[in-house]
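By convention in this document, chain letters (A, B, ...) are assigned in the order of the sequence lines, proteins followed by strands, and residues within each chain are numbered from 1.
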Amino acid sequence: MAAGAHEAHGHHEENFVSKYIFSHDHKMISKQFLLTAIFMGVVAMLLSILFRIQLGWPEESSDFLHAFLGDRWAPDGILDRNMYLGLVTMHGTIMVFFLLTGGLSGTFSNLLIPLQLGARDMASGFLNMLSYWMFFLSSAIMIASLLIETGPAMAGWTIYPPLSALPQAMPGSGLGMTMWLVSMAIFIASSLIGSLNYIVTVLNLRTKGMHMTRMPLTVWAFFVTAVLGVLSFPVLFSAALLLLMDRLMGTSFFLSDIIVGGEMLDNTGGSPLLFQHLFWFLGHPEVYIVLLPALGLSSEIISTNARKPIFGYRAMIGSILAIGFLSFIVWGHHMFITGMNPFLGSVFVFTTLLIAIPSAVKVFNYLTTLWKGSIVYTPGMLFAIGLVSTFITGGVTGIILADSALDIAVHDTYFVVAHFHVVMGLSAVFGMFAGVYHWFPKMYGRMMNTRLGYIHFWTTIVSGYGVFFPMHFVGIAGAPRRYYDYSVYEGFDANQFELIVELNVVISIFAILGGLAQIIFLYNFFYSIYRGPVAVQNPWKSNTLEWTTPVEHIHGNWPGELPEVHRWPYDYSKPGADSDFIPQTVPLADGEEEH
Amino acid sequence: MKFIALIVIVLGIIAVAQLMRVYELTSKLRNRKEEEIELRDNKMNANLMLLFMFVFFGSFLWMVARYGNGGNPVAASVEGVGYDNLMALNMVIIIFVFFLTNGLLFFFAYKYYKRPGVKAYWYPHNNKLELLWTVVPSIVLAVIIILGLRNWNERTSASGEDAIRVELYSKQFDWTVRYAGEDNVLGKFDYKLINGNNPLGIATTATIANRVVEMDSTIKALEARINNPENVFSVEAFAKMKKDLASKERIYQRLVQLKNLHNQEDDVYAYDDIVKPSNTKLILCVGKEYEFTFRAEDIIHSAFFPHFRAQMNTVPGMVTRLKFTPSITTKEMRKNLNDDNFSYILMCNKICGASHSNMKLYVEVLDEAEYNEWWKAEIAENTFKN
């Protein structure tokens, strides 16, 4: 991608391939991650609009569906039942892994860890490049699986066996599932390489004076995220491997006593629950792998634009660490009603609800940071505030779902869908948008249009809540997720059927509006890469080190010596100072205390 | 219509692009910079924050009024009433927190926008405050955890001795009910015994013996087919048949094992079981505790009884369980709702393939007199032995 065409006058002699394709430079790799993630995000959103059309207007023929899915999957414009599940599965997979894990960490950990720590580059530029290209390869395989004849994986993004293990159970459990597993295995390798690189960089390449307790919260969040990834992704890798063996080599890790499609299988002694334990041992930390970087980005953006130090810096670090630790001992809350021992369930209730405490600390600290601030409404700031709102709104419903006794009747209903889309989907996407608007000048040396940013934010938050807020009511009504339509309700409760249909139409309309709103962002983003006004060095008057680098990207980031750090990154509006910000490179004045 | 929509979208994009150009040119003219947010813009966004809060809260209240509890009828089981109470309490807590924190967020966002000459208040930390919002949530959560776990323990504890035992058997895409008969003990089962005559694989001396014979003849037929020199197979088909044969032989050996281990005295438990054809509605008696056990034939399903606020997954290779006590008959409920077509339902709530959303079973709760009458007829005619 010739995204950085304006950088043609690099300081080093490089050819096109080594500069734009197989680049070792973290800034270029970060842009590669971002562009790939945007592409994947657009695909996943389009998939969601396709199935929202089905859910909103279940029996109507749609040219739109037919245009995208053709006669194979939408004959006469009516969505195929199997493909509906395929769309749901691929939407979830791409959003969770490719946009919000690979995309979010890949873009911002890569960009900001070296820049905010005062490092010349990542610890290993080569591994970094490898990480991106494996991500690219796994993305390509995942997208390709959408196009094969038997369709993509259809067993839900959680791919529970035996459904995902038995091609007789649904068409998507054939080649589509194999491609899913292969793609994920490569993705996991990419993520592990990236995470190791981030961890080593944070631990070893901090510049002089950059103690761990002077690191921006962004870097803390990326660091803990990387640790979570390194500890949890291998478990998913093993689960994927065992599942592949069950599918291809006749093993029985997850299969036992099964008759499918009239065929009696001789597999015995395996346990489908084993897979769920392995999956969610990654799956829950994964939620925080998605969320923590977004929280880190918003901490930085909120502090900068409220022109106030982040309230309770050490408590924020403590809560990141606490969330990271707790995220490893809560996975069973996805399994309260799977047949897992109820006593084990009660242990998971306890650990899960504990997470609410560091989360509450984070929320109140954000609120106190805004209190008596001097808020500058950049588009990044708007999205950061939006993130706090969705984090609250989605977080509180987590209390219901974490309580096993209450989970019983809302488990796997739209209540769950609403909960995780608000707390993890919207929050992480808002965090990502906030990051893109805020660091765009650093990435591309140009400014994005602010007005379009405003329109983008307001339409996105309204349509975002418009989509996911009504889903809580659909869920309370008991409507199960992953249903092709709700015609079953007609048979036993006509009133409830009407209610669900009505809400589904509203949700679908907002989903389409929300999708259209993103065109504004895409336009602004790509237009500004080439035509945006040229950025100044420190447009947001920020303290962190990345804004001391030249606007033009150079190898090694700083032209001369690496900067030396003398203070924490949050000296905004410090009493006694002339300016309302003091960059980290400014030495402490005589008698000045470090916060 | 669609063409018009397309044109509108395209024109919209062009209009935005043109507006951008105009905006850019005027920016240049006035020397405005993207990174310097003007007071006017700050104020506008601050006001929008407040407006958004009112719209957000307003539409939340409106939706609560209109959609309330999702159109759910009152809980129809004893456990469900406890569930609803606990849910109401938790909802009050989280809605309070929702209003408080979102309200503060949008209010601060409205109030503290940047004004010329006003500096932000330097306030990096306050240990007392941080302690406060660590301790208060902890206390509230302790209450939530204690109440939740008490309820959870009650709901998952063993059911009483005289709880009526019913088995629900799931497969793509229907449910089959097995009642335990007069002795209230379900007969043993094994998936290898499943065939046309014995859809749930109930294990009695006779079913095992039949199945051993049946498997033996299947294997012999397959062998004959493979070894018959007149048959010509493709390489793939031949390999598949060999594999199939090996698998059947393994199952045969296990059947023989099962035959040797089976205790003839257990047969009586199975004899009086009542297996209904799949998709036959589940009949329950009001006021009686039920102990449901679940099995799955092919993949994971989930037995979701929304009206009884109960749910449990069904998992191949293991037996799961659930208990509840229906408290309102179908007739009463129909009268309460003023809807003659209302029925209780069991829905599948774990993704299980194309017809997942059609996999259901109707449930009817009878009063004791009606139930006894129905039960007598079933016992007389439909037991497994018959």
Examine whether an atom of [X] lies under 4.5 Å from a heavy atom of chain A, and if so say whether it belongs to the side chain, the backbone or both; otherwise answer neither.
X        : result
B:Phe305 : neither
B:Ala46  : both
B:Phe56  : side chain
B:Tyr110 : backbone
B:Arg295 : neither
B:Met312 : both
B:Asn42  : both
B:Val118 : backbone
B:Leu129 : side chain
B:Arg155 : side chain
B:Thr320 : side chain
B:Ser302 : side chain
B:Phe304 : side chain
B:Ile345 : side chain

Which of [options] touches chain B most, by non-hydrogen pairs under 4.5 Å:
options                                : answer
A:Val396, A:Val260, A:Asn82, A:Leu406  : A:Leu406
A:Ile455, A:Asn524, A:Asn267, A:Asp571 : A:Asp571
A:Lys541, A:His472, A:Met381, A:Glu502 : A:Glu502
A:Val376, A:Asp493, A:Val488, A:Asn449 : A:Asn449
A:Gly172, A:Ala360, A:Ser389           : A:Ser389

Parallel, tilted or perpendicular for A:Tyr484 and A:Tyr84, by the 30°/60° rule?
->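 Taking A:Tyr84 first and then A:Tyr484, their aromatic rings stand perpendicular (interplane angle over 60°).
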Strictly by modelled atom types, are [X] and [Y] linked by a side-chain donor-acceptor pair under 3.5 Å?
X        : Y        : result
B:Arg250 : A:Thr268 : no
A:Trp458 : B:Asn45  : yes
B:Tyr123 : B:Asn126 : yes
A:Asp580 : A:Ser573 : no
B:Tyr121 : A:Ser374 : no

Side chain, backbone, both or neither of [X] within contact of chain B (heavy atoms, under 4.5 Å):
X        : answer
A:Tyr523 : side chain
A:Gln276 : side chain
A:Leu353 : both

With A:Thr413, which residues qualify under side chain to side chain donor-acceptor pair (under 3.5 Å), at least two apart?
->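 With sequence neighbours excluded, A:Thr413 shows a side chain to side chain donor-acceptor pair (under 3.5 Å) to no residue whatsoever.
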Are the side chains of A:Pro309 and A:Trp568 in touch, meaning some heavy atoms are under 4.5 Å apart?
->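 They are in side-chain contact.
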Answer whether the closest heavy-atom distance between the side chains of A:Leu166 and A:Leu265 falls below 4.5 Å.
->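 A side-chain contact under 4.5 Å exists here.
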Would a line drawn from the ring center of B:Phe106 to the ring center of B:Phe52 be shorter than 6.0 Å?
->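 Distance test on ring centres: under 6.0 Å, yes.
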Would one find more than 12 heavy atoms of other residues, nucleotides or ligands at under 6.0 Å from atom CZ of B:Phe99?
->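 Result for CZ/B:Phe99: enclosed.
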Does CZ belonging to B:Phe60 count more than 12 external heavy atoms closer than 6.0 Å?
->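 More than 12 within 6.0 Å, yes.
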List in chain and number order the residues that pass side chain to side chain contact (heavy atoms under 4.5 Å, CB included) with B:Val55, two or more places apart in sequence or in another chain; answer none if no residue qualifies.
->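 Only B:Leu51 meet the side chain to side chain contact (heavy atoms under 4.5 Å, CB included) criterion with B:Val55.
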